[in-house]
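See structure below.
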Amino acid sequence: MQTPAEQAVIDSSPSFGIGGLVQKFGWHYQGQTFPIAYETLGQGAPVLLLPAFSTVSTRAEMRGLAQALAPHFQVLAIDWLGFGQSARPRLDYQRLLYLELLQDFVRTVCQPPVTVVAAGHAAGYVMQIASQNPSVWSKIALVAPTWRGPLPTMGAPPSVAAMVRRMVRSPLLGQALYKLNTAPSFLRLMYQRHVYTNPAQLTPEFMEQKYQITQQSGARFAPAAFVTGALDPAQSQADFLTGFQGSTPIMVVIGENAPPKSQAEMAAAAAMPGVQVQRMPGSLGMHEEFATEVAAVILPF
């Protein structure tokens, strides 16, 4: 169990939270301790909510799901290291770091086996753990699951992705590039193209909240790793699908408006034996945009 210091309450913020009790998990990694923000809401059996990786990733995108599930379960939502209200150190962010973080968090805070709802790239980490240690999860719900970052999906070779990652991490040039890619107009364009299906929901207030997420100290390091593929939880589709071969109950929720390449990967996961499948309108941000509808299909599961 955590020590009292590791369970200390940290400040809550509507832009980052789900409306519950905000705490920190002191994660020990390579001789350092990093505060990982997480939040609990409701009572009952635990359900872990994992937000998608993105430039604006926070546990707040799981707010609608959390509030729909909280009358039935104790919901826990986490901010990944480098995102949200968690520490944002200048590290070499790689997939193995997040695999270790997720396993340590579940073992220390959740006490497995636990039900998990994972969005986007978080799904890949859940399935990597499922392939290595199936006893961690009691049930798995994957919402618009992905495993390749934006640049690899666009066909950028690893050498180009690595070059972009180094550029974004550099002190002056990196900050300038990051500023261009987090301008409110650019964020809105990305939301319209890949994340949300209803532009009317992209209000100035909504986009301002997303923009403020990108302005935190150290905010560019982990997102740069995600965009360039360093956080890809699998190296191939076959690698991603390995975790689907166990006996843990799995549901895949497919967004019918997701980009074609992403939708093809979702379909491949849905085609695995024994996987329950739900299809509904939505794109890569369906866990946030259609939270009520997603909750309605995963609650019976």
Side-chain angles (χ1 to χ4, degrees), residues 13 15-16 51-61 79-95 97-98 119-122 124 144 146-199 201-233 255 257-262 283-289:
S13 167
S15 298
F16 290 89
F53 286 87
S54 73
T55 305
V56 295
S57 173
T58 73
R59 66 185 187 278
E61 66 196 55
D79 278 335
W80 296 105
L81 182 70
F83 300 90
Q85 289 184 310
S86 290
R88 300 184 183 217
R90 185 188 177 100
L91 295 177
D92 181 17
Y93 289 92
Q94 301 285 342
R95 72 183 189 93
L97 177 152
Y98 288 101
H121 256 43
T146 60
W147 62 267
R148 281 189 301 194
L151 277 185
T153 299
M154 293 167 58
S159 59
V160 172
M163 179 185 68
V164 173
R165 185 161 58 251
R166 288 193 299 270
M167 290 171 61
V168 176
R169 287 176 61 88
S170 65
L172 297 179
L173 177 60
Q175 191 59 41
L177 289 172
Y178 181 73
K179 185 176 181 179
L180 287 174
N181 282 274
T182 56
S185 58
F186 184 80
L187 290 177
R188 183 180 179 86
L189 176 64
M190 291 299 99
Y191 261 82
Q192 287 179 322
R193 294 181 62 180
H194 306 302
V195 184
Y196 267 44
T197 60
N198 182 4
Q201 295 195 43
L202 305 180
T203 64
E205 294 77 14
F206 178 87
M207 295 312 306
E208 176 62 21
Q209 286 186 351
K210 298 301 182 181
Y211 173 70
Q212 289 301 323
I213 292 168
T214 70
Q215 300 305 296
Q216 308 301 305
S217 177
R220 74 181 189 273
F221 303 121
F226 162 70
V227 169
T228 57
L231 305 190
D232 289 356
N257 307 103
K261 289 184 179 180
S262 298
S283 189
L284 300 182
M286 63 186 303
H287 58 286
E288 183 176 25
E289 183 181 13

(message) Under the rule for salt bridge (charged side-chain N to carboxylate O under 4.0 Å, His left out), what residues qualify as partners of Asp232, not counting sequence neighbours?
(response) none
(request) Applying ring pair (Phe, Tyr, Trp, His ring centres under 6.0 Å), name anything that partners Tyr98, two or more places apart in sequence or on another chain. (result) Phe53, Trp80
(request) Side-chain contact test, heavy atoms from C-beta onward, threshold under 4.5 Å: evaluate it for His194 versus Pro259 and give yes or no. (result) yes
(message) By the salt bridge (charged side-chain N to carboxylate O under 4.0 Å, His left out) test, which pairs, at least two apart or in different chains, include something from residues 211-231?
(response) none
(message) Tell me every residue that passes ring pair (Phe, Tyr, Trp, His ring centres under 6.0 Å) with His287, counting only those two or more places apart in sequence or in another chain.
(response) none
Hey, can you pull the donor-acceptor pairs under 3.5 Å for the side chains in residues 147-155, sequence neighbours left out?
from, atom 1, to, atom 2, distance (Å)
Trp147, NE1, Glu265, OE1, 2.9
Arg148, NH2, Glu265, OE2, 3.4
Thr153, OG1, Arg148, O, 3.4
Thr153, OG1, Gly149, O, 2.8

(request) Enter the distance from His121:NE2 to Leu231:CG here, rounded to the nearest 0.5 Å. (result) 7.0 Å
(request) Give the C-alpha distance, both sets of side-chain angles, the deciding distance and a yes or no for side-chain contact (heavy atoms from CB on, under 4.5 Å) between Arg188 and Tyr191. (result) CA-CA 5 Å; Arg188 183 180 179 86; Tyr191 261 82; 5.7 Å; no
(request) Verify whether the ring centers belonging to Phe226 and Phe83 lie closer than 6.0 Å. (result) no
(request) Grab the two heavy atoms, one from Asn181 and one from Leu187, that are nearest each other, plus how far apart they are. (result) O-CD2, 4.2 Å
(request) May I have the step-by-step check of side-chain contact (heavy atoms from CB on, under 4.5 Å) for Leu97 and Leu81, ending in yes or no? (result) CA-CA 9 Å; Leu97 177 152; Leu81 182 70; 3.8 Å; yes
(message) Restricting to ring pair (Phe, Tyr, Trp, His ring centres under 6.0 Å), what partner residues turn up for Tyr93, sequence neighbours left out?
(response) none
(message) So which atom in Ser86 and which in Asp79 form the shortest heavy-atom distance, rounded to 0.1 Å?
(response) OG-O, 2.7 Å
(message) Looking at every non-hydrogen atom in both residues, tell me the closest pair between Ala225 and Thr228 and how far apart they are.
(response) O-OG1, 3.3 Å
